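Everything numeric in this text was worked out from a predicted model, so none of it was measured. A note on names: the letters A, B, ... follow the listed sequences, proteins ahead of strands, and every chain is numbered from 1. Just so you know, these numbers use all the heavy atoms, side chains as well, and skip hydrogens, waters and symmetry mates.
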Amino acid sequence: GAGVSQSPSNKVTEKGKDVELRCDPISGHTALYWYRQSLGQGLEFLIYFQGNSAPDKSGLPSDRFSAERTGGSVSTLTIQRTQQEDSAVYLCASSLTGQGRGYTFGSGTRLTVV
Amino acid sequence: AQKVTQAQTEISVVEKEDVTLDCVYETRDTTYYLFWYKQPPSGELVFLIRRNSFDEQNEISGRYSWNFQKSTSSFNFTITASQVVDSAVYFCALSDMEYGNKLVFGAGTILRVKS
């Protein structure tokens, strides 16, 4: 597609439920990133996929968080047993391969855990 | 370790004023890239500029200009004759060899331009 697409744009869930957030990157972009932006905060790195390499999961805050990328394209970020502190905007970005490439970000998914 | 510091949490200016957003970075690498992104109220992050560590030339794009000084590890962003549409959160970011292709972001500066 023309840009990075994320769905849903908003998600309200009850504490303890699982949620799945979807990211559809720009066609041809081999790198895909998930970041989290809590209210009034900067961007926190979560996970990075590059081609067929093992993902860099160093930013995932707990084992309740996981992500996969199928066929080198669409990615799903899953949060199990959601907690109120998981409430944030989850941003996905994609880029071409190579160090120093700028990202193209999606519009994000605003997750609210009640 | 990589670190980006945006010391200004929030800046308010009146339309047509010039404003400079500060960014100081830390890295052990000699090869790195610096970025600025804009996040308007709609929430989407918009890429503004990328600069590599070997190019210290300042850059101007319309009302925007960037001052890169390796000696002080700074990459400051100036908006000339600010407009209300410039109101947004601005993020400075760093990518270096050690951190791979990941971007480390500063905390952001909220810019409010009043008419």
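The shortest heavy-atom contact between A/Glu85 and A/Arg36 is O-NH1, 4.3 Å.
Residue contact with chain B, scored on non-hydrogen atoms closer than 4.5 Å, involves the backbone of A/Leu96 exclusively. With a threshold of 4.5 angstrom between heavy atoms, B/Gln6 does not approach chain A through any atom at all. Of the atoms belonging to A/Gln37, it is side-chain heavy atoms, and not backbone ones, that fall under 4.5 Å from chain B.
With respect to A/Asp86 and A/Arg64, a salt bridge is recorded, a charged nitrogen being found less than 4.0 Å from a carboxylate O.
In this structure, A/Tyr33 and A/Tyr103 have parallel ring planes: the angle between them is below the 30° cut-off, well short of the 60° mark.
Cation-pi geometry between B/Lys102 and A/Phe45 is met: under 6.0 angstrom from the ring centre, within 45 degrees of the axis.
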